[in-house]
**Student:** 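Quick one: the structure is below, and I'll ask about it shortly.
None of these values were measured; they are calculated from a predicted model. No hydrogens, no waters, no symmetry mates; every other heavy atom, side chains included, goes into these values. Counting starts at 1 for both ligands and their atoms, in listed order.
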Amino acid sequence: MKKIALMFLVAVFVPSLLLAWLAVRSLRDTQMALERQRWLLYQGVADSLAKEADDVLASRQREFGQQVEAMLAAPHAQDIAFTFDDRLRTNWTPANVGFVVTLQGDMSCPSPYGRPAARAFYADNGKFVCNIQSAEVYWNSTKNGMNVANQAVAADNNSTINNNYNSSLGQFFQSKSSLPVKQNLRNIVPQQQPAMTQDENGAQNYSKVSSSEAEFRQLVGDSTEGIVARFLENKLSLLLWYRSPRDTNLIFGAEMSVPRLKEGLKPVPDDLDRALRDDVAVALLDENARPVSITPAGFQANWKHPFVATELGEGLPHWEMAVYLLNPAKLAASARTLKLMLGLLIVVLLLAICAGGWLIVSDLNRHLTLARQKTDFVSNVSHELKTPLTSIRMFSELLAEGRVGEAEKQRSYLHIIAAEASRLSRLINNVLDFSRMERGEKKYDFQRCDIASLVRETVETYRPHLEANGFQVRFEGPDAAITVNGDRDAMAQIVVNLLSNAEKYSDGQKEVEVQLRQAQEPLPYVEVRIMDRGTGVPRGCEEKIFDKFYRAHDSLSSGIQGSGLGLTLARQIARAHGGDVVYQSRDGGGSCFILRLPVANSQST
Ligand code: ADP
């Protein structure tokens with residue numbers, strides 16, 4: 001039994017568990033791959049929209065250069081150095097203030113005593129553009145058509161502004177290595193960041209926009225144009241500059257109006273893919289993580305926690321194109337549902353395997369029990385055959401040798417021989433009948449017969465044997481005939497088997513009672529009760545005693561011989577007659593076996 005359980009565990013249960021574990025793992029991997037794809041898709045959207053926004057700034061820069069060139073080409077260009085501010089603002093609205101400064105730091109425009117905006121510009125940027133003071137700036141410039149980004153910035157140069165910004169977002173990663181400017185990826189929720197965000201060196205693509213302390217002259221170098229951004233009391237100040245080939249010593253510049261620039265950046269193009277539009281919202285965030293434009297309009301979220309975001313670059317430092325999930329719970333919910341489904345499936349399969357295993361084991365157990373019972377049966381039957389044969393041989397030898405002189409003794413010995421012979425034939429009959437029934441060859445000779453007289457006769461035939469062994473036998477039954485349709489011998493065999501059991505399991509209480517009565521409900525039937533005051537059937541075995549070879553009192557412990565077939569045969573015969581044999585315990589101790597048979601109706605033959 002233990003071996004079977006072990007085999008089941010090793011061959012079925014453990015491999016099933018392993019399979020289930022593999023299934024869960026592969027589901028998790030698939031889910032991660034799907035999420036990674038999703039993340040890449042949204043990052044791609046953020047990148048391309050960030051580039052579009054950055055292009056707007058680049059086109060402003062181009063426009064500015066064209067404006068300067070146009071002014072220089074116009075008649076009366078000689079006084080441009082003094083009138084540049086007015087002329088620029090008249091022709092080009094994105095400018096707040098226009099300025100002209102030489103590489104040596106002489107500013108000719110605007111006038112420090114001019115309009116308030118010019119005075120403010122002078123106060124804020126005057127010392128910086130005149131190279132009197134260096135400043136903390138974000139910048140890029142163009143030289144011979146090449147973009148020279150702020151590569152010189154040391155990786156560990158964490159500016160005050162950047163740090164302020166980092167802490168304000170709480171999620172901003174510190175820059176650790178030099179990366180391409182347009183790969184300013186960042187993912188706000190680090191645990192959702194798939195492993196693919198690592199570049200070939202294993203470094204993560206953290207935010208790269210950082211400032212450096214520099215002089216204006218230094219940034220200009222020998223470049224032709226550029227953008228310089230500064231934060232003045234947390235307010236963005238954006239300066240465009242241009243150097244014309246006509247006079248390379250003069251730098252023309254413009255302080256951009258950030259509100260007007262924001263106008264130009266609106267709206268985020270509403271041409272998102274339909275499928276994307278159902279899943280995500282996109283917002284352009286300024287340096288304070290306030291939305292400049294939102295698609296779809298009216299979308300609200302915790303702006304500081306997008307799903308993915310891309311920084312615009314040095315021109316607009318800390319501005320981001322951010323992508324938000326419209327329904328963040330959807331992803332988790334579908335993952336949960338999938339997990340739950342798989343979990344349920346695995347549980348059901350494991351239950352099915354356990355149930356199947358249990359069925360197999362219990363069936364095997366049944367077969368083992370049956371095999372053991374058969375072995376017991378063979379030894380029991382051999383013993384049962386041997387005991388009466390020994391008595392018969394012994395008493396017949398005594399008689400044959402004439403060693404018993406008294407007639408009384410001779411009669412008693414002959415009675416014993418007859419009783420043992422009938423016990424022998426009863427046993428042989430039972431075994432033969434049982435094997436016939438097992439093969440389905442048992443035939444009955446159905447006839448109308450009086451069950452009352454049949455039972456009475458059988459009891460009377462058995463009475464001398466019982467009384468000779470000290471039993472009190474009582475029979476109670478009607479004198480009138482009760483007709484049943486059945487095989488006389490087979491029905492007598494039932495009664496004999498039950499009487500024989502009453503004798504065997506009497507446990508010293510030598511009293512056997514047989515009652516016969518007729519009942520009408522639900523259909524007319526006859527009931528024969530064979531009762532004793534013996535051991536009774538142990539609790540829980542009331543039905544099992546009708547199973548073949550089953551013995552509630554085994555020969556070893558009880559010392560009572562038996563084959564475990566008597567009740568099996570009795571029940572099978574009764575059922576073949578449309579009736580049954582059942583067991584009932586008796587008040588006051590002992591057993592009561594009830595044989596029920598249907599009464600034949602008067603017309604039936
Ligand atoms: P056996 O040859 O063992 O008597 P049976 O089929 O006649 O086989 O009976 C099956 C079992 O039922 C017996 O082994 C015994 O444990 C129990 N049994 C049968 N008759 C009685 C009875 N009158 N009182 C107590 N137990 C009984």
**Student:** Which residue owns the protein heavy atom closest to atom 2 (O) of ligand 1, what's the atom, and how far is it?
**Tutor:**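 Of every protein heavy atom, Ser563 N, 2.8 Å lies nearest to atom 2 (O) of ligand 1.
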**Student:** Mind checking whether Thr568 has an N or O less than 3.5 Å away from an N or O of ligand 1?
**Tutor:** no
**Student:** Please state which protein non-hydrogen atom is closest to atom 23 (N) of ligand 1 and give its distance, to 0.1 Å?
**Tutor:**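 For atom 23 (N) of ligand 1, the nearest protein heavy atom is Asp532 OD2, 3.0 Å.
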**Student:** If you measure from each heavy atom of Tyr550 to ligand 1, is any distance below 4.0 Å?
**Tutor:**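 True for this residue.
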**Student:** Between Tyr324 (side chain only) and Trp303 (backbone N and O only), is there a donor and an acceptor less than 3.5 Å apart?
**Tutor:**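 The answer is yes, because a donor-acceptor pair under 3.5 Å joins these two groups.
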**Student:** Which residue and atom name correspond to the protein heavy atom nearest atom 3 (O) of ligand 1, and how close is it?
**Tutor:**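 Residue, atom and distance for the closest contact: Arg551 NE, 2.4 Å.
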**Student:** Tell me whether Glu35 is salt-bridged to Arg38, with the criterion being a basic N under 4.0 Å from an acidic carboxylate O.
**Tutor:** no
**Student:** Just to verify, what does Arg25 make a side chain to side chain donor-acceptor pair (under 3.5 Å) with, not counting sequence neighbours?
**Tutor:**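 Checked Arg25 against side chain to side chain donor-acceptor pair (under 3.5 Å); zero matches.
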**Student:** Does Gly562 reach ligand 1 with a nitrogen or oxygen that is under 3.5 Å from one of the ligand's nitrogen or oxygen atoms?
**Tutor:** no
**Student:** Between the side chain of Gln410 and the main-chain N/O of Leu399, is any donor-acceptor distance below 3.5 Å?
**Tutor:**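 Absent.
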**Student:** Quick one: nearest non-hydrogen protein atom to atom 16 (O) of ligand 1, plus distance?
**Tutor:**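 Among all protein heavy atoms, the one nearest atom 16 (O) of ligand 1 is His553 ND1, 2.6 Å.
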**Student:** Report the part of Asn497 in contact with ligand 1, treating N, CA, C, O as backbone and CB onward as side chain, heavy atoms under 4.0 Å; options are side chain, backbone, both, neither.
**Tutor:**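 Answer for Asn497: neither.
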**Student:** Evaluate the ring planes of Phe395 and Tyr413, with Trp represented by its six-membered ring, and classify them as parallel (under 30°), tilted (30 to 60°) or perpendicular (over 60°).
**Tutor:** tilted
**Student:** For atom 13 (C) of ligand 1, what is the nearest protein heavy atom, given as residue, atom name and distance?
**Tutor:**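 Here the closest protein heavy atom is Tyr505 OH, 3.2 Å.
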**Student:** Got an N/O contact under 3.5 Å between Leu567 and ligand 1?
**Tutor:**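 Yes; at least one N/O pair falls below 3.5 Å.
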**Student:** Determine, for Arg586 against Glu513, whether the closest basic-nitrogen to carboxylate-oxygen distance falls under 4.0 angstrom.
**Tutor:** yes
**Student:** Can you check whether Phe593 and Tyr583 have ring centres sitting under 6.0 Å from each other?
**Tutor:**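 For Phe593 and Tyr583, the ring centres are under 6.0 Å apart.
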**Student:** Heavy-atom pairs closer than 4.0 Å: do any link ligand 1 to the side chain of Ile560, the backbone, both, or neither?
**Tutor:** neither
**Student:** Pairing donors with acceptors under 3.5 angstrom, does anything connect the side chains of Asp489 and Gln493?
**Tutor:** no
**Student:** Relative to the heavy atoms of Leu565, which atoms of ligand 1 are at a distance of less than 4.0 Å?
**Tutor:** 6 (O), 8 (O)
**Student:** Please find out if less than 6.0 Å separates the ring center of Phe549 from that of Phe434.
**Tutor:**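 Between Phe434 and Phe549, which both carry aromatic rings, the centre distance is below 6.0 Å.
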**Student:** Relative to the heavy atoms of Asn501, which atoms of ligand 1 are at a distance of less than 4.0 Å?
**Tutor:** 4 (O), 7 (O), 19 (C), 20 (N), 23 (N)
**Student:** Could you work out, for atom 17 (C) of ligand 1, the closest of Val512, Leu569, Ile545 by heavy-atom distance?
**Tutor:**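 Considering heavy atoms of Val512, Leu569, Ile545, the nearest to atom 17 (C) of ligand 1 sits in Ile545.
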**Student:** Find all atoms of ligand 1 within a distance of less than 4.0 Å from any non-hydrogen atom belonging to Thr535, and give their numbers and elements.
**Tutor:**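 Counting atoms of ligand 1 from 1, those under 4.0 Å from Thr535 are 25 (C).
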**Student:** Run the ring-centre check on Phe471 versus His465 and record whether the distance is less than 6.0 Å.
**Tutor:**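 For Phe471 and His465, the ring centres are not under 6.0 Å apart.
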**Student:** Go through ligand 1 atom by atom and flag the ones less than 4.0 Å from a non-hydrogen atom of Lys504.
**Tutor:**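 The list of qualifying atoms is 1 (P), 2 (O), 4 (O).
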**Student:** For ligand 1, which part of Phe546 has a heavy atom less than 4.0 Å away: the side chain, the backbone, both, or neither?
**Tutor:**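 Neither; nothing of Phe546 gets under 4.0 Å from ligand 1.
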**Student:** Is ligand 1 less than 4.0 angstrom away from at least one heavy atom of Gly564?
**Tutor:** yes
**Student:** If we set the cut-off at 4.0 Å for heavy atoms, which region of Ser591 has an atom near ligand 1: side chain, backbone, both, or neither?
**Tutor:** side chain
**Student:** Which residue is it: Val308, Asp47, Val282, Leu285? I am looking for the one with a side-chain contact (heavy atoms from CB on, under 4.5 Å) to Met321.
**Tutor:** Val282
**Student:** Counting N and O atoms only, with roles assigned by atom type, does the side chain of Asp450 sit under 3.5 Å from a partner on the main chain of Ile482, one being a donor and the other an acceptor?
**Tutor:**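 Indeed, once roles are kept as given, a pair shorter than 3.5 Å links the two residues.
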